[in-house]
Amino acid sequence: MLAFQAGDESAFDSLVKEYQNAAFAMLRRILGPHAMVEDLAQEAFIRVYRAKDRYRPVGKFTTFLYRITYNLALNRVRDDGRHRLLSLPQSPEGEPMPLPDSKAEKPWKAPNRANWADHVAQALQALPRNQRSALVFQHYDGLDLVEIGHILDVSPPAVKSLLHRARENMRALLQPFKDAEQDE
Amino acid sequence: MNDWLDTALDELPGEAAPSDFADQVHVALAAEGQSILRGFGFRRLGQVAAAIFLLVGGYWLGQGQSWQATRDVPQAELTAMELSEIAALYENREILESWELLENSSLSASSFDGAAATWMLEAFPLKEEGSQ
């Protein structure tokens, strides 16, 4: 980013190629499997381009990029009036999908990696937005409390609390699947 | 702290960007730049049109007039006013000198300082008290 700021236009290409997958993955994990993340990621990098002169290297570039991307995602959801997108999983048609139910008939009779990916994806979508975002930033992006707080615009102790509750909720949602796997 | 939850979370894969994503960003940036230029062009054209309209309109309205406007100033009256003001200034100066305020260096400073204008109290002490 500093090279780009110094006038090296090709450095922006490198930035996009280096961080595009991280931006996509973050948006997908936070917004869910059916959200349109491509245009959001594109808009995020355009904002980075425009912010060339204002950028100050006070933290990691990923924190800067994620803050822009996350705020864009929130604005999009608010503009669309589709608040359920960030609180409940949805079908491709936009209808809320049922949460994972371990007491129902057991489709996970033969657990495998793909099943666990589905369980985790659905459990993540069942979390409140702030808890889900904090957990994604910590677990998948390796950000610390201060960096997550900067993105979510909350204090580090609040992030710690969000993470604690997120992990507790995830355990509660996934424990039945884990127990079932052990019973096999 | 790596427990079963972390292991489970690791099972959720990330999503890779499309292979042409960087190109799409460049196309979007180029399109945005063109639209900005177009917007600038329309604005500039409007400003130029407004400037031409003002110039032509002003010229048309001012046809037959001299370039510089003149004001009819009553010279004699003005001179009388100036003379009376100058006379008043001299009178005031004479009054001040008669109070020896201008020669007194300690008080001359106070005449420029509103907060320390004690010379006023010295100038009218008894008159003020007597009137109340």
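This structure is a prediction, so every number in the text was calculated from the model and none was measured. Here is the naming used below: chain letters follow the sequence lines, and residue numbers restart at 1 for every chain.
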What are the two closest non-hydrogen atoms of B:P18 and A:Q20, and how far apart are they?
O-NE2, 4.4 Å
To the nearest 0.5 Å, atom CZ of A:F24 lies from atom CZ of B:F21 at 5.0 Å
Within-4.5 Å side-chain heavy-atom neighbours: A:Y49 and B:H26:
no
Shorter than 4.5 Å, heavy atoms on both sides: which option in A:V120, A:L27, A:V136 has the most such pairs with chain B?
A:V120
Report yes if the side chains of A:L174 and B:W4 come closer than 4.5 Å at any heavy-atom pair, otherwise no.
yes
Is the number of heavy atoms from other residues, nucleotides or ligands under 6.0 Å of A:K60 NZ greater than 12?
yes
Find out whether B:D6 and A:R167 are in side-chain contact, i.e. whether some heavy atom of one side chain is under 4.5 Å from a heavy atom of the other.
yes
Taking all atoms of both residues into account, what is the closest heavy-atom pair of A:R29 and B:P13, and its distance?
NH2-C, 3.5 Å
Please classify the contact of A:V37 with chain B as side chain, backbone, both or neither, using a heavy-atom distance under 4.5 Å.
side chain
Please report the shortest heavy-atom distance between A:A121 and B:L12, naming the atom on each side.
CB-CD1, 3.7 Å
Only one of A:E168, A:H139, A:R171 passes side-chain contact (heavy atoms from CB on, under 4.5 Å) with B:L5, and that residue is A:R171
Group every Ile, Leu, Val, Met, Phe, Trp and Tyr by side-chain heavy-atom contacts under 4.5 Å, then state whether B:L61 and B:F53 land in the same group.
no
Less than 4.5 Å apart, any side-chain heavy atom of A:F45 and any of B:L29?
no
Residue pair A:Q42 / B:A28: nearest heavy atoms and the distance that separates them
OE1-CB, 3.6 Å
Okay, A:L135 and chain B: the region with an atom under 4.5 Å from a heavy atom over there is side chain
For A:E38, is it the side chain, the backbone, both or neither that has a heavy atom under 4.5 Å from a heavy atom of chain B?
both
Against chain B, label A:L124 side chain, backbone, both or neither, depending on which of its atoms sit under 4.5 Å from a heavy atom there.
side chain
Give a yes or no answer on whether the side chain of A:N21 reaches the backbone of B:A17 with a donor-acceptor pair at less than 3.5 Å.
yes
